[in-house]
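In the text below, chain A, chain B and the rest are named by the order of the sequence lines, each starting its count at 1.
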Amino acid sequence: MIDLKYLQKNFDEASAKLVKKGVDSETLERLKELFATLKEANATLEESKAEQNKMSKLFGEYMREKKDVTELKAKVDAKKEEIVGLQETAREAQQALELVALAMPNFPDDSVPEGVDEEDNVELKKVLEPRSFEFEPKEHWALAELNGWIEFDRGVKLAKSRFAVLRGEAARMERALINFFLDVNREKGFEEVCVPFINNATMLQGTGQLPKFEDDLFKIDGEDLYLIPTAEVPLTNLYNDEILTTKELPILLTGYTPCFRKEAGSAGRDTRGMIRQHQFDKVEMVAITTPEQSEEIFKMMVENASDILTRLELPHRVVELCGGDLGFSAATTIDLEVWLPGQNKYREISSISNTRDFQARRAKIRYKDGKKNVLVNTLNGSALAVGRTLVAIMENYQNEDGSIEIPEVLKKYM
RNA sequence: GGACAGUUGGGUGAGUUGGCUGAAACCACAUCCCUGCUAAGGAUGCGUACUCGUAAGGGUACCGAGAGUUCGAAUCUCUCACUGUCCGCCA
């Protein structure tokens, strides 16, 4: 959630930022008004309650002194009636505000480039030269078929479209990648964590998936529970509604989880192959930091993800997202895109974001700085998406006959 | 899933004939004092959120969540959640 007080005090500045992210200024104007309305409603309500409380205290005294209370009771009854009305007004104002406020995306950092979609993203650098092939490199689904690695049809049979089955070497490589990623992350100082793959609505709201993106989530029927769309949700919310100490920060976490996404709105995109599935494996990094630490940790996380790709000898590039392509919770995001020779293009394999205090405000994660409680900064990033890494290995390590070499660093894991 | 018990501040834990308890006490923590040795003693402070105020200091809400009874509820009633124990089931 954005800082509404900031919005109120520096409206022009704040709205300029959100316009960069594609929010129209009318909605912002409305948000500002709703916030002001709520404040006023609460002020009058609290005043009345203060009076009521005072009278009730007096009531106790009267009783003890055995004085007559009929007159006082009449007064306090009248006040009570007034309060019921004020309460209703305040509650409505609260609900109206939340409806808009929780759907408002994070402010982008000032450094974020202007732009409307991925076309406007800025390439920061390329790492490793793509290998040149003496033959026409195949796409991963063709290789999958040749090697018997992936069964798309049986995945569909077991569940529905966009589910797949990995067999034999592919299944082993999937597991090897998970272990490799976790080991590297651990080397870099991230604590390995194993978390529930199902989280409740409060947690999903904490990291920003709810209420706005409910359609993207698999919900458990009849329960207040959802399959997680990313380990970012359980890892970040580990500290939901907690007050940490300065000493504990930064907290660096890594965890493997499957991720479940409905991929609503991406009908027709990447329907072929394993790029966009309803279920995929991912190893995630999450950092909980002070505002001062977050910049440096962010860089470290980007470098770590890039380093993993380099160790796998996978060519990739580092891209800074423009305002329009930025996710809901992110203040700034850097994507890592891996080279896919079969598709002849770079495809996203990791996305690393600093949400600043946006998630912290929703999830109520704070730390004690002296006497004050300060919102933490939360960061998250993939290191890496496992299925897409498998795809990248298939395409980059393919031979002319369709066989696939095992990357050097993975050999000890297989 | 069934039966019973419980759910209080960072922790332990008082408080159940409704008002004087936003909450004793102890621990932890912070600052200061004392002390000269890796320890002890003393003083003070110390829940969260919102809100008014330059500040000092006020106000409102919160004792698992929600609803109710009442002038007034941590204390009474109801619903739900969670924890514990016993039973059932199970990797």
* CA sep, side-chain torsions, deciding dist, call: A:D335, A:R347, salt bridge (Lys or Arg N to Asp or Glu O under 4.0 Å) -> CA-CA 9 Å; A:D335 274 7; A:R347 292 299 306 256; over 6 Å; no
* **Worked verdict on A:R311 versus A:D307 for side chain to side chain contact (heavy atoms under 4.5 Å, CB included)** => CA-CA 6 Å; A:R311 291 203 209 184; A:D307 179 46; 3.2 Å; yes
* Under 3.5 Å, is there a donor-acceptor pair between the side chain of A:R261 and the main chain of A:F280? -> no
For [X] and [N], give me the distance from atom [atom1] to atom [atom2], rounded to whole Å.
| X | N | atom1 | atom2 | value |
| --- | --- | --- | --- | --- |
| A:R362 | B:A49 | CZ | P | 19 Å |
| A:E40 | B:C52 | CD | C1' | 14 Å |
| A:K368 | B:G9 | NZ | C1' | 11 Å |
| A:Y367 | B:U48 | OH | C1' | 18 Å |
| A:E223 | B:A81 | CD | P | 9 Å |
| A:K364 | B:C50 | NZ | P | 11 Å |
| A:M1 | B:C50 | CE | C1' | 12 Å |

Taking atom [atom1] in both [N] and [M], compute the distance separating them and give it to the nearest angstrom.
| N | M | atom1 | value |
| --- | --- | --- | --- |
| B:G13 | B:U8 | P | 9 Å |
| B:U85 | B:A73 | P | 35 Å |
| B:G18 | B:A23 | C1' | 15 Å |
| B:U60 | B:U7 | P | 28 Å |
| B:G64 | B:A74 | P | 10 Å |
| B:A43 | B:G6 | C1' | 39 Å |
| B:A25 | B:G15 | P | 15 Å |
| B:C46 | B:C32 | C1' | 15 Å |

* Asked: Closest heavy-atom contact between A:A383 and A:N304?
  -> CB-ND2, 4.3 Å
* Looking only at heavy atoms, what is the nearest atom pair of A:Q8 and A:K39, with distance? -> OE1-NZ, 3.8 Å
In Watson-Crick or G-U wobble terms, both distances under 3.5 Å, what is the partner of [N]?
| N | result |
| --- | --- |
| B:U77 | B:A67 |
| B:C34 | none |
| B:G1 | B:C87 |
| B:G72 | none |
| B:A25 | B:U12 |
| B:A61 | B:U48 |
| B:G53 | none |

Check nucleotides 89-91 of chain B against the protein and report each pair of N or O atoms closer than 3.5 Å, with its distance, or say if there are none.
none

* To do: Give one of base, sugar-phosphate or nothing for A:N373, where a contact means two heavy atoms less than 4.0 Å apart.
  => sugar-phosphate
* For A:L58, report the nucleic acid contact type (base, sugar-phosphate, nothing); a contact means any heavy atom under 4.0 Å. => nothing
* **Any A:R366 side-chain nitrogen or oxygen under 4.0 Å from OP1 or OP2 of B:A49** => yes
* **Check ion pair A:E88-A:R91 (N to O, under 4.0 angstrom)** => yes
* Begin with the C-alpha distance, continue with both residues' side-chain angles, and end with the deciding distance and a verdict on salt bridge (Lys or Arg N to Asp or Glu O under 4.0 Å) for A:K21 and A:D325. => CA-CA 8 Å; A:K21 215 156 164 176; A:D325 202 26; over 6 Å; no
* Between B:U51, B:G47, B:A49, which nucleotide has the shortest distance from any of its atoms to the side chain of A:K5? -> B:U51
* Asked: Yes or no on ring pair (Phe, Tyr, Trp, His ring centres under 6.0 Å) for A:F107 and A:F358, after CA distance, side-chain angles and deciding distance?
  -> CA-CA 8 Å; A:F107 296 119; A:F358 184 81; 8.5 Å; no
* Using a cut-off of 4.0 Å between protein heavy atoms and nucleotide atoms, how would you tag nucleotides 53-80 of chain B 5' to 3' with B, S and -? -> ------BSS---------BS--------
* Structure fact -> In A:L143, A:L166, A:V391, the residue satisfying side chain to side chain contact (heavy atoms under 4.5 Å, CB included) with A:I150 is A:L166
* When rounded to the nearest 0.5 angstrom, what is the spacing between CG in A:L31 and CG in A:L34? -> 6.5 Å
* How are the rings of A:F218 and A:H278 set to each other: parallel, tilted or perpendicular (split at 30° and 60°)? -> perpendicular
* Nearest nucleotide by nearest heavy atom, which residue falls closer to the 5' end of RNA chain B, A:K39 or A:K247? -> A:K247
